[in-house]
Each structure stands twice: as structure tokens, then as C-alpha cells.
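Just so it is clear, the structure is predicted and the values come from calculations on it, not from any experiment.
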Amino acid sequence: MLFGLTLDALILVALAALLMGIAKAGFGGGVGVIGTPLVALAMPVSEAAALLLPVLIGTDFFTVGHFRRSASGRDLSLLLPASLVGVAAAALAFDALSDHDRALKAGVGALALAFVTWRLIAPRLTGRLQQAAPPSPALGGLMGALAGFGSTLAHAGGPPLTVYLLPRRLPRHVFVGTTAWFFFALNLVKLVPYAWLGLLSAQRLALALMLLPLAGLGTWLGVRLLRGFDERLFTRFVTVLLTLAGVQLLLGRGLMTYFR
């Protein structure tokens with residue numbers, strides 16, 4: 001055992017770090033949500049989220065550097081303040097459910113399956129958009145808060161953010177840049193409630209530090225794969241994996257054998 005984790009748990013953690021790194025490069029349409037559901041198969045949700053947060057921040061530095069001039073400041077000014085409300089609500093939920101990990105895992109499983117559903121319907125919605133929508137304070141506030149909640153609970157803030165950004169019809173590099181800067185700022189903010197909840201232990205931080213090179217490798221791979229690989233294949237693979245993990249977490253039995 002290493003850091004108190006069994007071999008199958010370490011494999012899940014390593015796989016999650018690699019896939020999240022690839023997704024952070026803009027590959028796979030937000031499938032970085034895979035991380036927490038995978039790792040939560042092997043440990044409590046709060047520990048899984050805390051373990052992956054430093055890994056995410058490490059990869060964030062790469063992505064915001066790559067897209068440092070591509071973000072939409074106007075949209076970020078609507079989304080980020082509202083996300084603080086979601087962060088606070090999720091921190092209170094963590095605190096209230098700290099002794100009820102089964103409920104937290106069911107919630108993360110539901111979020112995972114909600115993301116899979118979103119992945120199925122999003123292309124149809126995209127095809128119906130005829131022109132770009134103007135920035136919406138109401139929608140930005142709602143989706144920003146939901147993104148802050150989902151991101152704090154399970155690093156699953158991508159779908160609400162996409163719901164807001166999709167009608168904006170931003171150029172791809174601006175869309176990815178806005179997403180990168182949003183989660184970079186949000187992940188830094190999340191350090192506060194995670195520290196307040198006592199989730200950032202020295203052992204967890206040490207393991208996260210060991211995972212950073214693997215996440216960095218995933219980001220490097222993602223940038224290069226984007227140039228000559230069909231994004232849909234990667235997205236389908238992660239969607240299947242996320243569906244299995246989501247069902248396992250929601251039901252609490254049965255599918256763990258696939259990961260052993």
C-alpha cells in the first residue's frame with residue numbers, strides 16, 4: 001500500500017489524473033468531470049475531491065498560460081461572483097454530510113450521469129443556435145452559482161458553465177480560454193473551504209504532488225492529440241467510463257468489479 005491506498009485505488013487515482021490533464025487541454029468537451037467519480041470509487045467523496053484539487057490547480061497554470069489572452073472578461077465578470085455563492089453552499093453541504101459519505105457518493109453519481117445526459121443532448125442544442133446570444137446577467141448568475149456548487153462538491157462545474165457559454169457562440173479559442181480562466185480562479189477559491197473543512201492533509205497533498213507530472217503529461221498529450229485525433233473517440237471512451245462510475249456510485253454496488 002502507498003499513502004494508505006490499495007493498488008486498484010492507486011490505478012484509479014492515476015487514471016483520473018491523466019484523463020483530467022487531457023481534458024484540461026480543451027480535449028473532450030469538459031470531460032474533466034471524470035476525476036472525482038473515478039477516485040470516489042476508492043475513497044470518500046470529500047477525500048477524492050481534496051486529493052484532486054491541487055492536481056487541477058497545477059494543470060490550470062498550463063492552460064491559462066496557453067490561453068492567457070483568449071478569455072471573455074465580460075462573461076467572467078458575470079460568472080465568477082455568482083460562483084462564490086455555489087462554493088459556499090457546497091462547503092455547507094460537505095460539512096452537513098461529512099458523516100454520510102453514501103449520500104455524497106449518490107450525489108456525485110447523479111452528477112456524473114447528468115453530465116452524460118448533457119453530452120448526449122448538447123450537440124442537438126448547438127445545431128439549433130442561429131446567432132450569438134448577448135451576455136445575460138440572470139443566466140450567468142444562475143449558471144455561475146451552479147458551476148461553483150458542482151465544482152466544489154465534485155469538480156463537476158463544466159455542464160452549467162457550458163449551458164451559459166454555448167448560446168454565446170464564442171470562437172473556440174475564446175470559449176476554451178474563458179473556461180480555463182473561470183476554473184483557474186474558482187479552483188483557487190476552493191482552497192479556502194477545503195482548508196476550513198480540514199481536507200487538505202499533508203499526506204493528501206504529498207500524493208497530489210506525485211500526481212502532478214502525470215496530469216502534466218495528460219495536458220501535453222491533449223494539446224498534441226487535438227491536432228490529429230478524433231475528439232469524439234476520446235469523449236465516447238470517457239463517457240462510457242463515467243457512466244459506469246456514476247451508476248456504481250449511485251447504486252453503491254455491482255460495477256466496482258470492472259475496476260479490480
Would you say Asn187's side chain and Phe183's backbone share a donor-acceptor pair under 3.5 angstrom? yes
Verify, without hydrogens or angle tests, whether Arg204 (side chain) and Leu199 (backbone) share a donor-acceptor contact under 3.5 angstrom. yes
Nearest 0.5 Å, what's the [atom1]-[atom2] distance between [X] and [Y]?
X	Y	atom1	atom2	answer
Leu191	Leu53	CG	CG	5.0 Å
Leu113	Thr117	CG	OG1	6.5 Å
Leu111	Leu153	CG	CG	6.0 Å
Leu18	Leu221	CG	CG	6.5 Å
Met43	Thr6	CE	OG1	8.5 Å
Thr179	Leu76	OG1	CG	9.0 Å

Could you tell me if the side chain of [Y] sits less than 4.5 Å from the side chain of [X], heavy atoms only?
X	Y	result
Thr243	Val116	yes
Asp8	Leu12	no
Met20	Leu52	yes
Leu161	Thr178	no

Can you check side chain to side chain contact (heavy atoms under 4.5 Å, CB included) on Ser83 and Phe182, steps first, answer last? CA-CA 9 Å; Ser83 71; Phe182 176 80; 3.9 Å; yes
Who passes ring-ring contact (aromatic ring centres under 6.0 Å, His included) against Phe184, sequence neighbours left out? Phe61, Trp181
May I have the step-by-step check of side chain to side chain contact (heavy atoms under 4.5 Å, CB included) for Leu188 and Asp60, ending in yes or no? CA-CA 10 Å; Leu188 289 176; Asp60 283 338; over 6 Å; no
Quick check on the hydrophobic clustering: are [X] and [Y] connected, directly or via other members, by side-chain heavy-atom contacts under 4.5 Å?
X	Y	answer
Phe149	Val192	no
Val85	Tyr164	no
Leu80	Leu84	yes
Tyr194	Trp196	yes

Non-hydrogen atoms of [X] and [Y] that approach each other most closely:
X	Y	value
Pro37	Ala112	CG-CB, 4.1 Å
Ala180	Val64	O-CG1, 3.7 Å
Leu56	Thr59	O-OG1, 2.8 Å
Leu78	Pro135	CD1-CB, 3.9 Å
Val45	Ala40	CG2-CB, 4.2 Å
His155	Ala49	NE2-O, 2.7 Å

Name all residues meeting the side chain to side chain contact (heavy atoms under 4.5 Å, CB included) criterion together with Ala208; count only those two or more places apart in sequence or in a different chain, and write none if there are none. Leu51, Pro54, Val55
Any chance CZ of Arg102 has more than 12 other-residue heavy atoms, nucleotides or ligands included, within less than 6.0 Å? yes
Quick one: side chain to side chain donor-acceptor pair (under 3.5 Å) pairs with a partner in residues 142-154, sequence neighbours left out? Ser151-Lys190
